[in-house]
Structure formats: structure tokens, C-alpha cells
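Worth saying up front: this structure is predicted, and the values here are computed from it rather than measured. In what follows, every chain begins at residue 1, and chains take the letters A, B, ... in the order their sequences are listed.
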Amino acid sequence: MTKKLLNSTLRIYLIFSVFVFVVTAPLFYIIIQKLYIEDADEVLLLRKKEFVYYSIPDIHLSDIAIWNKINRDIKIEATKTTVQTDTLFYSNIYDTLNNELELYRVLNSPISIEGRQYCFVSKISLVESYDLIQHIVLLFSVVLILLLAGLYLITKRLSLRLWKPFYHTVNQIEQFEIDKNSQVELTDTTIEEFKRLNNSITKLIERNTIIYNSQREFIENAAHELQTPLAVFQAQIDTLIQNPDITEEQFGILNKLNDSAARLNKLNKNLLLLSKIDNNQFALSQQIVLNDIINKQIDFFKEQAAAKNISIKVELSDKTIINSNPVLAEILISNLFLNAIRHNIIGGNITVNLSNKLLTFYNTGNQQPLNKDRLFKRFSKINPSSEGNGLGLAIIKKITDINHWSIQYSYQNNLHIFEVNF
Amino acid sequence: MKILIVEDERELAESIQSYLHTNDIVCEMAFNIQTALDKIAQYEYDCVLLDLMLPDGNGFEILAELKKQDKTEGVIIISAKETLESRIEGFNLGADDYLTKPFHLSELLVRIQALIRRKKFKGNNMVSYHEIQIDILSKTVKVNTKLIDLTKKEIDLLLYLIGNENKVLSKSAIAEHLSGDMADMLDNHDFVYAHIKNLKRKLSDAKSGDYIKTVYGLGYKWQND
């Protein structure tokens with residue numbers, strides 16, 4: 001599974017944020033609480049100190065009952081004589097007003113009033129302070145969350161902006177097709193890494209385009225250069241068969257040479273055609289009535305089919321207008337016909353159907369489906385001994401590709417089906 | 001009839017010369033532009049066969065020169081390079097026909113004959129062979145002044161055979177001629193047999209001579225014996 005780069009960054013941020021929050025919030029709570037207790041203890045001890053310093057000199061034994069009556073938080077108790085030193089502890093004390101137990105911090109401390117031992121008891125309610133701590137922690141959490149959320153959003157927006165040239169470059173590369181003369185336009189960027197990336201890609205594409213073009217030119221030049229020796233070859237055979245002394249056997253050989261020359265010529269022309277398509281020499285397109293092209297070629301192919309005793313049935317239901325280069329459209333149709341005849345069986349049949357911008361060729365043939373993966377590749381001949389040169393379907397594919405049509409092959413009911421969708 | 005072959009490939013030029021020679025066509029050869037221009041300046045030709053890629057330049061220069069000098073020579077371009085642009089440029093500069101290499105010599109011959117007919121006998125396009133008369137414009141054929149019914153293809157075949165009189169024609173050459181632009185789409189040449197058979201039958205029905213000879217069952221020849 002792939003993730004977007006930005007999302008991975010944000011995920012790490014998010015995990016970190018949650019971690020920080022989960023760890024710090026309780027820690028913060030505990031520390032604040034500890035500090036508060038320390039504070040409370042100090043207050044209690046101060047109270048005792050003040051009591052010893054200010055109150056004890058004026059207090060008499062008879063005052064103790066009144067003191068205890070008036071003061072709620074500081075009591076003088078006689079009972080706890082076990083208290084030897086200042087003792088601080090928590091205690092739950094029942095609050096009659098609120099009718100519930102409340103937590104207090106309590107100081108028990110031994111004091112002496114007029115020579116008698118008493119216990120100084122002072123307490124501070126922790127209920128209010130707990131509320132405070134809770135509020136502080138809540139506030140802290142809100143600030144923390146805001147901080148992290150802000151960080152997240154800023155990173156996201158910033159990254160989107162920072163990575164924009166990168167995504168642009170990726171889009172451009174995705175749309176680039178070396179065989180369609182497409183151009184890659186990379187936007188200028190001030191970020192060094194992207195600049196390097198763009199420069200490398202531009203160089204890579206330039207180099208590949210040069211190699212591709214030289215390969216294409218090589219095919220074109222090779223095919224052109226072959227035409228002349230082929231012409232000499234052909235002319236010599238034509239001259240030689242005029243010789244009256246030629247025997248039947250020799251004539252047979254010459255005839256075969258003639259056929260081979262014709263095949264070479266066809267192969268050469270097909271190679272040239274492919275490189276011409278690659279070179280955009282058929283870029284001009286116009287509106288064409290597909291029915292007319294089929295009707296124009298049908299006589300020729302019916303004659304060709306008759307030699308193999310193949311019948312052709314043509315069903316053209318709608319008038320179909322397409323946008324294409326007329327030469328290419330004709331080549332497409334003729335190659336489809338040729339393919340259907342060539343790979344047919346003696347006494348077979350072909351049905352051509354045109355309707356709803358869908359042109360379908362059904363033909364009988366070898367009773368097994370063809371390999372779809374290799375079918376449209378150059379020189380991927382299904383039957384090595386057949387007359388074809390392995391370029392016919394490659395040409396068909398090329399023409400459909402540059403016109404943005406689609407071609408599908410299927411095998412149903414013992415019929416090979418080629419379907420062009422315009 | 002006099003023809004100038006401008007072609008740097010000697011072997012090809014010589015093959016053309018030897019093939020045309022027996023049809024009363026006198027051929028002269030030029031292997032480069034300079035020689036070609038010199039010859040054109042000195043002599044009158046009925047037709048010029050012009051290769052485009054020549055050692056000292058482009059064959060179009062010769063076309064331009066012919067145009068400049070108001071020469072009436074018919075020109076057939078024979079070139080290995082076939083692009084729409086070169087075709088259009090050729091025709092714009094006054095070429096009459098365009099034949100892409102490789103080609104059959106029999107095809108070249110009938111193209112030359114057709115060109116000469118167009119140039120010389122403006123409008124009066126009749127081809128005769130003994131009792132056979134072909135009107136090319138109206139596409140009608142008469143045997144002993146009697147009209148016979150031939151299809152367009154059969155007339156084409158008849159003209160091709162007569163044009164290549166006494167020449168052995170291979171099935172593939174005939175097939176390619178009959179297929180015209182679609183020649184590259186030919187898969188087999190068996191249909192030639194059917195056309196020859198039909199033509200033969202129609203001619204013999206009209207009491208014409210039996211001129212179509214079979215050569216070892218693989219080729220044909222128009223011959224008056």
C-alpha cells in the first residue's frame with residue numbers, strides 16, 4: 001500500500017502530538033497537585049507558627065472551649081497526646097452543609113498552653129484546589145491541542161505549497177509519451193532539490209527522445225535505402241523472365257523470387273508507414289464517412305477473398321462519420337480486411353458490422369483464441385509460416401492509438417472478433 | 001519514341017533500357033543532373049524518367065529547368081522516397097506521373113504509353129491491335145467493329161497485356177497492376193487467373209485471335225503467332 005508523502009509526515013506529527021499530550025497531561029496534573037499540597041502544607045505550618053507566636057501568650061485554658069467554638073479550621077484538642085511532632089496528613093471530613101465527605105489537608109502539632117499539652121489541629125479543604133487544578137489542566141490541554149492542531153494545519157498547507165512543483169513534474173512525466181512527440185514542460189522552481197530533479201528529468205527525456213528519434217530515423221532510412229536495391233532486383237527478374245531459353249523449373253524459381261521481392265517490398269512499405277505515422281506525417285485530419293471507405297474497398301477484398309472461397313458479409317446500419325486522416329482510415333480498414341482474409345480458412349466467412357460508432361470484424365479461422373498480449377506487437381506472428389509480415393495488426397493498433405480510438409480482440413463462438421470503437 | 005532515363009543506379013537504368021528497347025523505344029541514360037540537363041538542352045524526348053535522389057542534387061531541379069524552357073516532355077518520377085509532399089511538389093513542378101520504387105518494368109511501360117497517348121493524341125485515345133480497338137476515354141472495346149462487353153478491370157488488363165506485347169508477365173506483376181493503390185494489400189495472386197480466363201473467353205467469343213499465351217502456368221504473354 002502506498003501513502004502520500006505529505007500524509008506520512010502528518011501521520012508522524014499526529015503520533016508525536018498524541019504522545020506528547022498523553023504523557024504531559026497527567027504529568028502536569030501530578031506536578032501541579034504536588035506543588036499545591038506543598039503550598040497547603042506551608043500555609044498550615046505558618047498558621048501554627050503564627051498561633052504559637054501570637055495567640056499562645058494570650059490564651060488561657062478557659063479560652064480553649066470558646067476558641068474551638070469560633071474557629072472552624074484551627075482547633076485546640078486535648079485528646080491527641082500521642083502527637084509528638086508536626087504531622088501532616090489527608091483526611092476525609094464530613095461536610096454537613098454539602099452533605100458529603102470532603103478531602104482536607106490536616107496538620108496535627110503538639111503545643112503547650114499554660115504548661116499543659118494540647119494538640120493543634122488545622123485543616124485546609126482541598127476540594128476547591130482540586131477544581132482549580134482540574135481547570136488548569138483542562139486549559140493546558142486546550143492550549144496544547146490548539147498548538148498541535150495549528151502545527152498540523154500549517155505543515156499541511158506549507159507542504160502542499162512546497163511540493164507543488166514536485167507534483168507538477170510528476171503529472172508532466174505521467175502524460176509524457178515518447179512516441180507521440182509530446183512535450184514536457186517543467187515549471188521553474190527556486191527549491192534546489194526540485195531544480196535538480198527537473199534538470200535530470202529534462203536531460204533524461206531529451207536523451208531518450210534523441211535515441212528514439214535516431215532509431216526511428218534508422219528504420220526509415222533503412223527502409224528507404226532498401227527500396228533502390230529492391231527496385232534493381234525486381235527489374236532484373238522482369239528482364240530475366242523475358243529470356244526465351246528459360247526452362248519451366250527456372251521460371252518457377254524466378255516466380256518465387258518475384259513473390260519474395262513483393263513480400264520484401266510490402267514489409268518495407270509497412271515499416272515506412274509506421275515510421276511515417278510516428279513522424280506525424282498523417283497529422284491532418286478531416287471528417288470522413290466510414291461507410292464510404294468500406295464500400296470503396298469491399299470489391300477489392302471480395303475478389304481477394306474469393307480466391308480462398310471466403311464469403312464476406314457487410315452490414316452497415318448507420319452512416320458513421322469519424323474524424324481522422326483519410327489515408328490512415330483507409331489503411332485501417334484495408335488492414336482489418338486483409339487480416340480477416342489472411343488468417344481465415346478455405347471456405348470461411350467474414351462479417352463486417354458498423355453501427356453505433358462500433359466497427360466489428362468477425363472471421364472464421366484457426367479454432368483457438370489468439371494471444372491478446374502479443375497480438376498487436378510488431379513482428380509477433382501467430383503463424384510463422386503465414387504470408388503476413390507481422391506488421392498489419394501493429395499498424396492497426398498504431399492508427400487506433402493516434403486517433404484515440406480503441407481496439408479489442410475477442411474469440412467467441414469459434415469466431416475471431418476485432419472491434420474498433422470510434 | 002525517345003526516352004531519357006535520369007537514374008544514378010546504372011543497373012536499374014540498364015534494365016529499363018533493355019526492357020523498353022524491344023518495344024521500339026530508344027532510351028538514353030543520364031546518371032546525374034548535369035548530364036541530364038545537357039541532353040535535354042540538345043535533344044527532344046517524348047518522355048523523361050526521373051529519379052529524385054541524384055548524386056549532384058535533387059531531380060526537382062530538372063523539372064524546374066524543363067518548365068523554364070517550356071519543354072513539353074512528359075515526366076514520370078521514379079523514386080524510392082514516397083511522401084505526400086514529394087508527390088505534390090513533383091506534380092506542381094509539372095511531373096505527369098509518379099512511380100514508387102520498386103516497380104515492375106511492365107508497369108513502367110504501360111505508364112509511359114499512357115503518358116505519350118495523353119500528350120500526343122490529345123483526346124483521341126484509341127489503342128488498336130489487329131482486329132481489337134480500345135477507346136480509352138469511353139472505356140469501350142470493339143472486335144472487328146463489334147462492341148464487346150468487358151468490365152473495367154478486363155479493359156485495364158487488356159491494355160496492359162497489349163502494351164507489354166511479346167513480354168512475359170508474371171502473375172504478381174499483373175496482380176499488382178490490377179490492384180493499383182491497393183497492391184500492398186495483395187495476399188495472393190490467384191484472382192489474376194480468373195480475370196485472364198474471362199478476358200480470353202470474351203475475346204474468343206468475339207472471334208478475336210488467341211493472343212494470350214500461358215507461360216508454364218505461372219505467367220502470361222500477349223503474342224501474335
*asked:* Just to verify, what does B/Ser138 make a side chain to side chain contact (heavy atoms under 4.5 Å, CB included) with, not counting sequence neighbours?
replied: B/Asp135, B/Thr140
*Is any residue of residues 322-340 of chain A within less than 4.5 Å of chain B by heavy atoms, and which ones?*
A/Ser334, A/Asn335, A/Leu338
*Using side chain to side chain donor-acceptor pair (under 3.5 Å) as the criterion, point out the one residue from B/Trp222, B/Tyr211, B/Tyr129 that pairs with B/Glu165.*
B/Tyr129
*Could you tell me which portion of B/Asp51 (side chain, backbone, both or neither) has an atom closer than 4.5 angstrom to a non-hydrogen atom of chain A?*
neither
*Supply the atom-to-atom distance B/Ile76 CD1 to B/Arg111 CZ, rounded to the nearest 0.5 angstrom.*
7.5 Å
_Closest contact, heavy atoms only, A/Ala223 versus A/Leu272_ = CB-CG, 3.6 Å
*Quick check: does any side chain N or O of B/Asp56 sit under 3.5 Å from a backbone N or O of B/Gln34, one acting as donor and the other as acceptor?*
yes
*Would you call A/Ile246 and B/Val215 a side-chain contact if the rule is heavy atoms closer than 4.5 Å?*
no
*What residue in B/His189, B/His104, B/Glu176 has the most heavy-atom pairs under 4.5 Å with chain A?*
B/His104
*Most heavy-atom pairs under 4.5 angstrom with chain B, which of A/Leu254, A/Leu226, A/Thr228?*
A/Thr228
_When you compare the side chain of A/His343 with that of A/Asn366, does any pair of heavy atoms fall below 4.5 Å?_
no
*Heavy-atom distances under 4.5 Å only: say whether A/Ala306 touches chain B with side chain, backbone, both or neither.*
neither
*For B/Lys202, check salt bridge (charged side-chain N to carboxylate O under 4.0 Å, His left out) against everything at least two apart and list the hits.*
B/Glu154
*For chain A, find which of B/Lys171, B/Lys221, B/Lys153 contributes the most heavy-atom pairs closer than 4.5 angstrom.*
B/Lys153
*Would you mind telling me which of A/Leu264, A/Ile341, A/Asn258 has the largest number of heavy-atom pairs within less than 4.5 Å of chain B?*
A/Asn258
*Looking at A/Asp278 and A/Arg216, does any basic side-chain N land under 4.0 Å from a carboxylate oxygen?*
no
_Can you confirm if the NZ or CZ of B/Lys39 lies within 45° of the ring axis of B/Tyr45 and under 6.0 Å from the centre of its six-membered ring?_
no
*Is the CD atom of A/Glu249 crowded by more than 12 outside heavy atoms at less than 6.0 Å?*
no
*asked:* So, applying salt bridge (Lys or Arg N to Asp or Glu O under 4.0 Å) with B/Lys101, which one of B/Glu107, B/Glu9, B/Glu7 is it?
replied: B/Glu7
*Which members of residues 297-304 of chain A, sorted by number, sit under 4.5 angstrom from chain B on a heavy-atom basis?*
A/Gln297, A/Phe300, A/Phe301, A/Glu303, A/Gln304
_Taking the side chain as everything from C-beta on, heavy atoms only, tell me whether B/Ile174 gets closer than 4.5 Å to B/His195._
no
*Heavy-atom proximity to chain A below 4.5 Å, by part of B/Ser18*: side chain
_Whether the B/Asn164 and B/Ser106 side chains hold a donor-acceptor pair (N or O, under 3.5 Å, no angle test) is what I'd like checked._
no
*Pick one of side chain, backbone, both or neither for B/Tyr19, based on which atoms fall under 4.5 Å of a heavy atom in chain A.*
side chain
*Contact part of B/Ser179 toward chain A, heavy-atom cut-off under 4.5 Å: side chain, backbone, both or neither?*
both
*Do A/Ile310 and A/Asn363 have side-chain heavy atoms sitting under 4.5 Å apart?*
no
*asked:* Below 4.5 Å, heavy-atom pairs only: which of A/Gln236, A/Lys276, A/Gln234, A/Lys308 has the largest tally toward chain B?
replied: A/Gln234
*Measure B/Glu14 against the heavy atoms of chain A and call it side chain, backbone, both or neither at under 4.5 Å.*
neither
